[in-house]
2 protein chains.
Amino acid sequence: MAHQPVSLDPLDRKILAALVANARRSFVEIGQEIGLSPAAVKRRVDRMRESEVITGFTTVVRPSALGWRTEAYVEVFCEGAAPPRRLAEVARTYPEVVAAMTVTGGADALLHIRAADIEHFEEVLERIRAEDFVRRTNSVIVLTHLLPGSPDAGASAPPRGAEGVS
Amino acid sequence: MAHQPVSLDPLDRKILAALVANARRSFVEIGQEIGLSPAAVKRRVDRMRESEVITGFTTVVRPSALGWRTEAYVEVFCEGAAPPRRLAEVARTYPEVVAAMTVTGGADALLHIRAADIEHFEEVLERIRAEDFVRRTNSVIVLTHLLPGSPDAGASAPPRGAEGVS
DNA sequence: TGTGAAACTCACGGCCG
DNA sequence: CGGCCGTGAGTTTCACA
């Protein structure tokens with residue numbers, strides 16, 4: 001596990017592109033598009049999954065259809081030495097936290113949050129600010145996406161990320 | 001554009017959850033998991049695609065495997081009235097811009113950017129700052145992700161031959 | 001709407017160049 | 001590695017309740 005050095009040839013990249021565009025396309029279809037037999041395509045896909053170049057296949061859902069109409073990024077400023085471990089723990093407990101990361105700059109961490117509406121977001125924000133290691137937060141609410149179909153415009157799994165491949 | 005009022009019953013939601021977890025699962029498998037015939041599952045999926053609850057099926061790729069090892073969020077402060085249209089145009093031309101959105105707060109827009117490395121990122125940033133309507137930018141570089149399995153996957157054309165190093 | 005059956009297509013493993 | 005082939009499973013469409 002944990003392969004870092006993976007080399008991908010042009011054929012692999014074409015297969016990847018095809019599967020990113022549509023994860024449900026058949027190996028036959030992809031094969032005749034790039035000039036390879038279905039079995040060969042499958043072998044390459046299996047290899048890429050093994051080496052974790054491909055980590056899963058997911059469905060892109062329009063978040064608003066599921067009732068998540070508010071999106072925001074929240075900078076978190078921590079008390080004293082930043083405790084990424086504690087923050088990760090907290091982030092995991094909130095289904096509204098789609099992504100969390102430590103960052104450079106003034107803030108210690110950045111949270112990507114999805115909520116049903118502004119009130120819901122405010123409630124989540126209040127709970128996060130109530131954590132003892134949080135000194136201050138700075139929120140930026142997303143108004144409109146400029147790139148339709150961008151991976152995280154709605155690509156993210158709905159709260160509670162699951163991943164698994166048959 | 002699309003319909004807003006779409007009602008999803010518990011069965012639809014279960015199908016969605018299954019497909020988000022793994023977009024390549026068969027309708028048969030999903031069907032017997034939730035107690036429905038394969039044909040019924042397919043019809044529901046088709047309906048959800050029609051109503052754009054489901055906007056696509058994609059493959060989750062580990063960005064570093066494609067040579068994208070640097071990730072950043074850039075706040076963009078515009079000159080005069082914010083021209084979202086111009087910004088969208090610009091964002092579309094850069095493969096490095098994974099997402100772009102207008103936001104509340106001091107900045108006019110927020111860009112999500114992926115680059116091969118810091119130098120590459122700096123180059124992109126310089127080009128963006130060179131746009132006439134950009135007054136100022138504020139960058140935040142992502143250090144580490146705290147939530148594993150964050151489906152923020154950018155996969156298109158790889159940057160200049162970055163690949164299996166080390 | 002959900003079910004059942006039909007034909008078609010695909011995935012998967014084994015074997016060979 | 002890639003191509004070929006056979007079997008079993010899945011997909012898709014249809015008519016029917």
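The chains referred to below are lettered A, B, ... by the order of the sequence lines, with proteins before strands, and numbering in each begins at 1.
In this view, A:Thr102 and B:Thr144 satisfy the side-chain hydrogen bond (donor to acceptor under 3.5 Å, both in side chains) rule, not counting sequence neighbours. Judged as a side-chain hydrogen bond (donor to acceptor under 3.5 Å, both in side chains), and not counting sequence neighbours, the contacts of B:Arg47 are B:Asp12. Legend: residues meeting side chain to side chain contact (heavy atoms under 4.5 Å, CB included) with B:Asp132, ordered by chain and number and at least two apart, are B:Arg86. For the salt bridge (charged side-chain N to carboxylate O under 4.0 Å, His left out) test, residues two or more places apart in sequence or in another chain that qualify with B:Lys42 are B:Asp46. Remark: A:Asn138 pairs with A:Glu75 by the side-chain hydrogen bond (donor to acceptor under 3.5 Å, both in side chains) rule, at least two apart or across chains.
The minimum heavy-atom distance between A:Leu146 and A:Pro148, with the atom names listed, is O-CD, 3.4 Å.
Over its length, the helix from C:dT1-D:dA17 to C:dG17-D:dC1 turns its helix axis by 30°, as judged from the five terminal pairs at each end, rounded to 10°.
Checked for salt-bridge contact, B:Arg114 and B:Glu71 meet the test: a charged N lies under 4.0 Å from a carboxylate O. Salt bridge annotation for B:Lys14-B:Asp9: absent, with no cationic side-chain nitrogen under 4.0 angstrom from a carboxylate oxygen.
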Enumerate donor-acceptor pairs with a distance under 3.5 Å from any side-chain N or O in residues 18-35 of chain A to protein atoms, sequence neighbours excluded.
{"unit_1": "A:Asn22", "atom_1": "OD1", "unit_2": "A:Arg24", "atom_2": "N", "d": "3.0"}
{"unit_1": "A:Arg24", "atom_1": "NH1", "unit_2": "B:Ala23", "atom_2": "O", "d": "2.6"}
{"unit_1": "A:Arg24", "atom_1": "NH1", "unit_2": "B:Arg25", "atom_2": "O", "d": "3.1"}
{"unit_1": "A:Arg25", "atom_1": "NH2", "unit_2": "A:Glu33", "atom_2": "OE1", "d": "2.3"}
{"unit_1": "A:Ser26", "atom_1": "OG", "unit_2": "A:Glu29", "atom_2": "N", "d": "3.1"}

Solution key, residues 118-128 of chain A side-chain donor-acceptor pairs under 3.5 Å, sequence neighbours excluded:
{"unit_1": "A:His120", "atom_1": "ND1", "unit_2": "A:Ala116", "atom_2": "N", "d": "2.9"}
{"unit_1": "A:His120", "atom_1": "NE2", "unit_2": "A:Glu96", "atom_2": "OE2", "d": "2.8"}

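Nucleotides of DNA chain D with any atom under 4.0 Å from a heavy atom of chain B span, from 5' to 3', D:dG10 to D:dT13.
Ring geometry for A:Tyr73 against B:Tyr73 counts as tilted: the plane angle lies between 30° and 60°, on a 0 to 90° scale.
Taken residue by residue, residues 23-35 of chain A places heavy atoms nearer than 4.0 Å to DNA chain C at A:Ser26, A:Phe27, A:Val28.
The nearest heavy atom of DNA chain D to B:Arg43 and to A:Arg43 marks one nucleotide each, and the one closer to the 5' end goes with A:Arg43. A residue-by-residue look at B:Ser37 and A:Ala39 shows that B:Ser37 has its nearest nucleotide of DNA chain C further toward the 5' end.
Atom C1' of nucleotide C:dA11 and atom CD1 of A:Ile15 are separated by 15 Å, given to the nearest angstrom. Taking atom CG of B:Asp9 as the reference point, atom C1' of C:dT1 lies 11 Å away to the nearest angstrom.
Counting any heavy atom pair closer than 4.0 Å across all strands shown, A:Arg44 reaches sugar-phosphate atoms only and no base atom.
Listed pair A:Lys42 / C:dC12 meets the phosphate criterion, a side-chain N or O lying under 4.0 Å from OP1 or OP2.
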